[in-house]
Amino acid sequence: MTLRIYNTLSREKEPFSTLQPGVVHMYVCGPTVYDKAHVGHAMSALVFDMVRRYLTFKGYRVIHAMNFTDVDDKIINRSHELSEDPFALAERYINEFLQLMQELGVLPATYYPRVSEVIPQIIAMVKGLQEEGFAYEVEGSVYFRVRRFPAYGKLSGRKMEDALSGTRITSSEGKEDINDFALWKAAKPGEPSWASPWGKGRPGWHIECSAMCYYYLGEQIDIHGGGNDLIFPHHENEIAQTEAFTGKLFARYWMHNGMLQLRGEKMSKSVGNLITIDAFLAEHEADVLRMIVLSSHYRKPLAFGEQVIADNERALARLRSALRPGRGQVQSGTAVNALHAQMDATRAGFEAAMDDDFNSAGALGNLFNLVKAINAARDAGVSSEILGTGQDMLRSLAGVLGLRLATSANDHEADAGPFIDLLLSLRQLLRGQKQYALADQLRDDLTRLGVVVEDSAAGSSWRWAA
RNA sequence: GGCGACGUAGCCAAGUGGUAAGGCAAGGGUCUGCAAAACCCCGAUCGCCGGUUCAAAUCCGGCCGUCGCCUCCA
């Protein structure tokens, strides 16, 4: 089966192939580290984590770079507010971000380049662009000459003339053209700056990604990703810089995730409808957020809110319900055949869905069908061994999506197991003597401690509440 | 104003030509001392209008609505 990916560049799904056989070079735009990351940032990270995991599942080796923008106006402003060194501040938020990614189960990138580490490379690139006439200097700043790059606008579908009709562009800062953008900014007092052929200064916003991508992954890459709010101007400008510099196609596939919405609006600092990742994780499991992201297509806007969180918490519990052991001994027959048939259907359906531009919602639907089949088989008395083959498949496919289905019982809780078993056998004696009031109280008490007790014809069982 | 995306049952959400996956919620049932869990049953003709076609949620056109970008943004 062939993977197809929607390419923002062509606005179509295209068959996926790589520049180098079996290897995917992927660059994803990371955050500007001037504040706590919110669940919208997490969505982007989770989407591309899914992409990466699936590519790996398909047999590719994925070389994945995600940058940190640690030189930026917002960071500088923040450092002045807090009287903290801008690099220390950035370092703090980078470490926090990496920690949160780990908690979310996002696989570490191969490279985490930072702007501050590639200043010489950035200068070399800007200089190269200037020598070729793609850039010019104005009072210590260097701008990209958009008119020298006719393909400008190919990603966003924008025409340069459109900018003129906009009402929000105010000053042109001595630029030749209103569409030109800064590659290098002359230093202002109180800002971090580096020596350059144009005097002291710092990089513009877009050149950093071009430079980091170029030096870490090469002049051409397979996948370039990020939020769809970056299409213009950020990615458009990246294309202009890199392709002007190399004379080659920059990225073959441009992937953009939709925005996470809270109360019908994009979650963003300016709107003030933020939920930080750590605030979310304080109340919910990491995989709940992943379920929310997976339950919708990555390119669509993602509805977020209490209702959605609660729904997905239960959906996750349902996925896990299939992992409970069987109690019967049935080894063959219609129940077993039905399970095997659904396993085949799920394996094929899962891959077909994911091959279609990472349709994770469709893939999840296939997983739920397997859940139903496993549970039905258990109810029909199918043995734990046979149930286990279906459960292994469920675990493995869920793992491709990055879901960890194991409940989070820690060592301390594991130690309690034998004692809970003891209490349950005691309760079984009470039930045998129809001492239901006492038995129910014991069950209620255990529930309060996070232990769910379930009675069935075959006896009682318990598990930690999700 | 320009560019782009979206509009499927109470909510979330797949499905891009042959009469609508899945999850959550609600209702009915099986099981059970009760409860819980699980299982079974139960719901939409796909924003509106027109067109193409033997056949459209799915293609084309128009309209309405929502959202994103055009300034920092995952």
Side-chain angles (χ1 to χ4, degrees), chain A residues 8 11 13 28-32 34 37-48 66 69 72-74 77 153 155-159 161-170 205 225-234 236 256-261 264-271 291-292 294-297 299-305 307-319 321-322 324 349 353 356 359-369 371-372 374-380 431 434-437 439-440 443-444 447 452-457 460-461 463:
Chain A
T8 305
R11 310 273 169 190
K13 289 179 192 171
V28 179
C29 284
T32 301
Y34 72 107
H38 58 70
V39 291
H41 298 115
M43 175 193 180
S44 194
L46 288 166
V47 163
F48 288 101
M66 197 199 81
T69 298
D72 167 87
D73 289 341
K74 292 190 293 296
N77 293 340
L155 181 69
S156 60
R158 243 167 263 266
K159 299 277 170 282
E161 306 77 60
D162 291 343
L164 300 172
S165 63
T167 54
R168 303 169 93 167
I169 308 285
T170 49
W205 175 34
N228 70 12
D229 54 349
L230 296 178
I231 294 173
F232 189 90
H234 188 56
E236 193 69 73
H256 292 99
N257 63 276
M259 293 294 102
L260 184 142
Q261 320 242 148
E265 275 184 299
K266 172 184 170 184
M267 180 173 289
S268 75
K269 191 115 183 141
S270 50
V271 181
M291 278 294 288
I292 293 171
L294 294 172
S295 70
S296 168
H297 189 86
R299 276 189 283 118
K300 285 184 149 190
L302 178 64
F304 190 82
Q307 171 84 47
V308 170
I309 294 170
D311 287 354
N312 280 281
E313 241 158 16
R314 295 197 185 91
L316 184 60
R318 175 159 174 78
L319 277 183
S321 75
R324 294 170 201 162
D356 183 15
N359 181 356
S360 56
L364 269 183
N366 280 282
L367 256 38
F368 280 113
N369 287 336
V371 166
K372 178 174 285 193
I374 291 172
N375 285 335
R378 182 191 304 101
D379 278 9
R431 292 179 72 210
K434 297 196 188 298
Q435 302 262 28
Y436 293 126
D440 287 353
R443 183 174 61 196
D444 291 345
T447 300
V452 179
V453 177
E454 289 171 354
D455 299 327
S456 77
S460 300
S461 65
R463 60 189 162 83

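Sequence lines set the chain letters: A, B, ... in the order given, protein chains first and strands last, and positions in each chain run from 1. Just so it is clear, the structure is predicted and the values come from calculations on it, not from any experiment.
Of all heavy-atom pairs spanning A:A353 and A:A363, the tightest one is CB-N, 3.6 Å. Here the closest non-hydrogen pair linking A:R11 and A:L155 is NH2-O, 2.8 Å.
The CD atom of A:Q261 sits 13 Å away from the P atom of B:rG7 (whole-angstrom rounding). Separating the CG atom of A:L155 from the P atom of B:rG68 is a distance of 20 Å, rounded to the nearest angstrom. The interatomic distance linking A:R378 (CZ) with B:rC40 (P) rounds to 13 Å, in whole Å. Atom-to-atom, CG of A:L319 to P of B:rA38 comes out at 12 Å; the value is rounded to the nearest Å. As a whole-Å value, the separation of A:R299 CZ from B:rA14 P is 10 Å. Between the CZ atom of A:F48 and the C1' atom of B:rA74 there is a distance of 9 Å, given to the nearest Å. In this structure, A:L294 atom CG and B:rA14 atom C1' are separated by 13 Å, rounded to whole Å. A:N257 has its CG atom 13 Å from the C1' atom of B:rA5, to the nearest Å.
Residue A:G40 is in base contact, counting any heavy-atom pair closer than 4.0 Å across all strands shown. A:G225 comes within contact range of no nucleotide atom at all, as no heavy-atom separation falls under 4.0 Å. Residue contacts shown for A:V47 are absent, as no nucleic acid heavy atom lies under 4.0 Å away. Residue-level contact check: A:D229 touches the bases, meaning some heavy atom is under 4.0 Å from a base atom. Within the 4.0 angstrom heavy-atom criterion, base atoms lie near A:L260. Counting any heavy atom pair closer than 4.0 Å across all strands shown, A:L230 reaches sugar-phosphate atoms only and no base atom.
Note on A:N375: a side-chain N or O is less than 4.0 Å away from OP1 or OP2 of B:rC39. Contact check, A:N359 against B:rG15: a side-chain N or O comes under 4.0 Å of OP1 or OP2.
No side-chain heavy atom of A:L260 sits less than 4.5 Å from a side-chain heavy atom of A:H38. Here the side chains of A:S460 and A:R431 are in contact, with some heavy-atom distance below 4.5 Å. The closest side-chain heavy-atom distance from A:N77 to A:Y34 is not below 4.5 Å. Side-chain contact between A:M66 and A:P31 is present, with heavy atoms from C-beta onward closer than 4.5 Å.
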Considering only nitrogen or oxygen atoms on both sides, find all protein atoms under 3.5 Å from nucleotides 64-66 of chain B and state each distance.
none

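Nearer to the 5' terminus of RNA chain B, by closest-nucleotide assignment, is the contact made by A:S156 (compared with the other of A:S156 and A:H297). With the nearest nucleotide of RNA chain B identified for both A:R11 and A:K300, A:R11 has the one nearer the 5' end.
A donor-acceptor distance shorter than 3.5 angstrom exists from the side chain of A:E236 to the backbone of A:G153, with no hydrogens or angles considered. The closest donor-acceptor contact from the side chain of A:R158 to the backbone of A:F232 lies at 3.5 Å or more, if one exists at all. Here the side chain of A:S295 pairs a donor or acceptor atom with the backbone of A:I292 at under 3.5 angstrom.
Between B:rG15 and B:rU58, the two P atoms lie 15 Å apart (nearest whole Å). Spacing between B:rU45 and B:rC63 at atom P, rounded to whole Å, works out to 27 Å. The C1' atoms of B:rC34 and B:rG23 are separated by 29 Å, rounded to the nearest whole Å. B:rA38 and B:rA26 are spaced 13 Å apart, taking the P atom of each and rounding to whole Å. Using C1' as the reference atom, B:rG61 and B:rA56 are 15 Å apart when rounded to the nearest Å. For the P atoms, the distance from B:rG51 to B:rU19 is 24 Å, rounded to whole Å. Remark: the separation of the P atoms in B:rA25 and B:rC40 is 16 Å, to the nearest Å. Of the C1' atoms belonging to B:rA5 and B:rA9, the separation is 23 Å, rounded to the nearest Å.
Look at B:rC42: it lacks any Watson-Crick or wobble partner with both distances under 3.5 angstrom. For B:rG61, the paired nucleotide is B:rC49, the pair qualifying as Watson-Crick or G-U wobble because both relevant distances are below 3.5 Å. The nucleotide B:rU66 finds its pairing partner in B:rA5, both defining distances of the Watson-Crick or G-U wobble pair being shorter than 3.5 Å. Of all nucleotides present, none satisfies the Watson-Crick or G-U wobble test against B:rG17 with each distance under 3.5 Å.
Contacts of A:D72 classified as side-chain hydrogen bond (donor to acceptor under 3.5 Å, both in side chains), with partners at least two apart in sequence or in another chain: none. Partners of A:V371 under the side-chain contact (heavy atoms from CB on, under 4.5 Å) rule, at least two apart in sequence or in another chain, are A:R318, A:L319, A:S321, A:A322, A:N375, A:L394. Considering only residues two or more places apart in sequence or on other chains, A:S296 meets the side-chain contact (heavy atoms from CB on, under 4.5 Å) condition with A:K300, A:L302.
Set against B:rA38, B:rA37, B:rA74, the side chain of A:R324 has B:rA37 as its closest nucleotide. Proximity note for A:A303 (side chain, C-beta onward) versus B:rA13, B:rC3, B:rA74: the nearest is B:rA13. For A:C29, counting side-chain heavy atoms from C-beta on, the closest listed nucleotide (B:rA13, B:rA74, B:rG68) is B:rA74. The side chain of A:T32 lies closest to B:rA74 when the candidates are B:rA37, B:rG68, B:rA74. Listed candidates were B:rC3, B:rC12, B:rA37. Nearest to the side chain of A:R158 is B:rC3. Checking B:rA13, B:rC39, B:rC72 against every side-chain atom of A:D379, the shortest atom distance belongs to B:rC39.
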- Taking protein heavy atoms under 4.0 Å as touching, what does nucleotides 16-33 of chain B look like 5' to 3' if B marks base contact, S marks sugar-phosphate-only contact and - marks none? -----BSBSS-------B
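Note on residues 359-368 of chain A: no pairs pass side-chain hydrogen bond (donor to acceptor under 3.5 Å, both in side chains), not counting sequence neighbours.
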